[in-house]
Amino acid sequence: MSVRTRFAPSPTGVLHLGSLRTALYNWLYARRHGGEFLLRIEDTDRQRSLPEHIRALVEALQRFGLDPDEEPLLQSSRVERHREVAHQLLESGSAYHCYCTPDELAAMREEQRARGEVPRYDGRWRDNTGPPPAGVKPVIRFRRPDSEEVVVKDWLHGDVRYLNSQLDDLVLLRADGSPTYHLSCVVDDEDMGVRQVIRGDDHLNNTPRQLQLIQALGWTPPEYCHLPLLLAPDGKKLSKRDEATDALHYLRAGYLPDAVLNYLARLGWSHGDQEVFTIKELISCFGREGLGASASRLDPDKLNWINQQHMKTAPVDVLCEGLEAQLEKIGLNPADGPPLEKVAEAWRERAETLAGVAEAARWAFSHEIELDEKAARKVLRPVVREPLAAVCAALAGLAEWTAADIHACIAETAESLGIGFGKLGQPLRVAVTGGGVSPPIDTTLYLAGRARTLERLDVALGYIDARIAAAGSAAQG
RNA sequence: GUCCCCAUCGUCUAGUGGUUAGGACACCGGCCUUUCACGCCGGCAACAGGGGUUCGAAUCCCCUUGGGGACGCCA
């Protein structure tokens, strides 16, 4: 069985997260079976299909690494072929001209609704033999077959049956000669050699119509798989207005592309108890057996966890690249601080996203730090003045500014003062970072750099002196 | 309104007639620890409801309820 899948989005400007998952499943399935993954841009709605939208879409897919195996096909370039097929259907008797005006159709539906019926084209031009009305440009409609039912064979849903009588004669070619979605979709899938159609659940009801068309054309239908929807965390439909709907939002927010893909893959698919997958593992594990049929909600907590798992194992240069962007985003200069790879290593297990890393590493890149008042009051007390001054002097005289040397220096100072390492660690941390949380203290000082460290220790000593002075004057007064 | 799809812990899910209903996220304890994380150990927590079928149903069938989708000269 040959495998050729496709992702066929209409270019609306953003890559919808649900669409990304659909693309991912198509891509994975093709990769898994050594087939091809194709991209077709359904840009026949010319108003919405701006060139920049198309470019954005292709780029977004690229950023997640979902590259198609052939040049993307623009559906708009195929209208001649679509017309050809429509006329072929006309000649074979599977289609006919319909001279209804849009107003007439609207009125017809209105009446049907009023009578409590399903709005449906009544086939009034189906068997017309008389002369066509003057001045009306006709559309070409498909002649729905008379057979009893159509059966959609779906990977997830099994055989889904539709009574033909519930379907009506759909428009193939508009009055202006442009093809409609069903025709274009069916013809393009056939010509592209698509064998597996993996798409959203919202297309399930379109499939019987497309199947009828395929049958009328004598073609072999592809396999179908209709994926359940992706819902917002509250269980509602993902709103296009919500930024969480935009796949690129997650990249901007400091998530790793592979982590997003991993998360998305596990939403509606599973492989035993495994939660964390590399792309390679996904390719070798992905299969339709693991697919689920029910809609699933987005869970930001789980995404964060998955992302952290990926941060822990990601190549350091991948981390650095993203980190650089995140630092710039919050107004810091990535070049004015410790080497990015050291920063990445220090925080890859301590933050959930690269944005989190940048935020936590702020003190290593900025010149001004803010002392957290609570932490300072608690830790920078008069009793630590002497030890802090001693370690400050020792650090100033250090030959090499490495984490190992810094560690040894602090340990020696602590020992000579007869206090524990921990007694020195926290005051140093608060002095250098402004707060009580950071990587191990030797790493922290290394990352701050000697200049910043000594400078800030000086400030901290001043802070303590001020406290001592205040206490003294309070005692006197 | 008609048709179609879906239904296991709060969330993602495993399960395919016989399990103490498993795992993961989140949450709550504890351990580790120079802070925070990571890691490890433990806890809380589910088969929507009602009928069948069967010696036996989360698993099969029907109904109800709930959620979602489709009914265009949009895609």
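By convention in this document, chain letters (A, B, ...) are assigned in the order of the sequence lines, proteins followed by strands, and residues within each chain are numbered from 1. No hydrogens, no waters, no symmetry mates; every other heavy atom, side chains included, goes into these values.
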Name the nucleic acid region contacted by A:Pro208, choosing base, sugar-phosphate or nothing; use a 4.0 angstrom heavy-atom cut-off, strictly under.
nothing

Can you tell me which nucleotide in B:A37, B:A14, B:A75 comes closest to the side chain of A:Ser10?
B:A75

Given side chains that start at C-beta, do those of A:Arg266 and A:Phe277 come closer than 4.5 Å, heavy atoms only?
yes

Heavy-atom donor-acceptor pair, A:Thr207 side chain to A:Val152 backbone, under 3.5 Å
no

Would you mind classifying the nucleic acid contact of A:Val160 as base, sugar-phosphate or nothing, using non-hydrogen atoms under 4.0 angstrom?
sugar-phosphate

Check every atom of B:A14, B:U11, B:A75 against the side chain of A:Ser270 and return the nucleotide holding the closest atom.
B:A14

Pair up each side-chain donor or acceptor in residues 423-434 of chain A with any protein partner under 3.5 Å, not counting sequence neighbours, and list the distances.
residue  : atom : partner  : partner atom : Å
A:Gln426 : OE1  : A:Arg429 : NE           : 3.0
A:Gln426 : NE2  : A:Gly436 : O            : 3.1
A:Arg429 : NH1  : A:Ser438 : O            : 3.4
A:Arg429 : NH1  : A:Ser438 : OG           : 2.9
A:Arg429 : NH1  : A:Pro439 : O            : 2.8
A:Thr433 : OG1  : A:Arg429 : O            : 2.8
A:Thr433 : OG1  : A:Gly435 : N            : 3.1
A:Thr433 : OG1  : A:Gly435 : O            : 2.9

Please determine whether the number of non-hydrogen atoms from other residues, nucleotides or ligands lying under 6.0 Å from atom CZ of A:Arg381 exceeds 12.
no

For the side chain of A:Arg452 and the backbone of A:Ser366, is there at least one donor-acceptor N/O pair under 3.5 Å apart?
yes

What contact category does A:Pro9 fall into here, base, sugar-phosphate, or nothing, at under 4.0 angstrom with non-hydrogen atoms?
nothing

Determine whether a donor-acceptor pair (N or O, by modelled atom type, separation under 3.5 Å) exists between the side chain of A:Asp372 and the backbone of A:Ala375.
yes

Looking across every strand, which nucleic acid part, if any, lies under 4.0 Å from A:Tyr162 by heavy atom: base, sugar-phosphate, or nothing?
sugar-phosphate

Would you kindly say whether A:Asp43 and A:Ser76 are connected by a side-chain donor-acceptor distance under 3.5 Å?
yes

Over 60° means perpendicular and under 30° means parallel, so tell me whether A:Tyr99 and A:His97 are parallel, tilted or perpendicular.
tilted

A:Leu298 and side-chain contact (heavy atoms from CB on, under 4.5 Å): which single residue from A:Thr245, A:Leu303, A:Leu267, A:Asp234 fits?
A:Leu267

Expected output is a numbered-order residue list: members of residues 383-391 of chain A with a heavy atom under 4.0 Å from any atom of RNA chain B. What is it?
none

Nucleotide nearest A:Gln426 (side chain, heavy atoms from C-beta), chosen from B:U35, B:C4, B:C36
B:U35

Please tell me which of the listed nucleotides, B:C12, B:U34, B:C74, lies nearest to the side chain of A:Leu267?
B:C12

With sugar-phosphate meaning primed atoms plus P, OP1 and OP2, does A:Pro228 contact a base, only sugar-phosphate, or nothing at under 4.0 Å between heavy atoms?
nothing

Does any residue of residues 407-419 of chain A have a heavy atom under 4.0 Å from RNA chain B, and if so, which ones, in number order?
A:His407

Side-chain polar contacts of residues 106-115 of chain A - donor-acceptor pairs under 3.5 angstrom, sequence neighbours left out - could you list them?
residue  : atom : partner  : partner atom : Å
A:Gln112 : OE1  : A:Arg120 : N            : 2.9
A:Gln112 : NE2  : A:Arg120 : O            : 2.7
A:Arg115 : NH1  : A:Glu117 : OE2          : 3.2

Atom NE2 of A:His271 and atom C1' of B:A14 are separated, to the nearest Å, by 12 Å

Take atom CD in A:Glu341; do more than 12 heavy atoms of anything else shown fall under 6.0 Å from it?
yes

May I ask you to evaluate whether A:Arg174 reaches the phosphate of B:A75, defined as a side-chain N or O under 4.0 Å from OP1 or OP2?
yes

Treating primed atoms plus P, OP1 and OP2 as sugar-phosphate and everything else as base, which nucleotides of nucleotides 22-33 of chain B get B, S or - for protein heavy atoms under 4.0 Å?
BBBBS-------

Just by modelled atom types, is the A:Cys225 backbone N or O under 3.5 Å from a matching donor or acceptor in the A:Arg199 side chain?
no

Within 45° cone and under 6.0 Å: A:Arg141 NZ/CZ vs A:Tyr121 ring:
yes

With a 4.0 Å cut-off on N to O distance, would you call A:Lys137 and A:Asp176 a salt bridge?
no

Taking protein heavy atoms under 4.0 Å as touching, what does nucleotides 67-72 of chain B look like 5' to 3' if B marks base contact, S marks sugar-phosphate-only contact and - marks none?
-SBSSS

Sugar-phosphate, base or nothing in reach of A:Cys98, heavy atoms under 4.0 Å:
nothing

Short side-chain N/O contact to B:C36 OP1/OP2 from A:Ser438, under 4.0 Å:
no

Donor-acceptor pair, A:Glu281 side chain versus A:Thr278 backbone, under 3.5 Å?
yes

Considering only the C1' atoms, how many Å lie between B:G52 and B:U13, rounded to the nearest integer?
29 Å

Under 4.0 Å, counting only non-hydrogen atoms across every strand here, what does A:Ala175 touch: a base, just sugar-phosphate, or nothing?
base

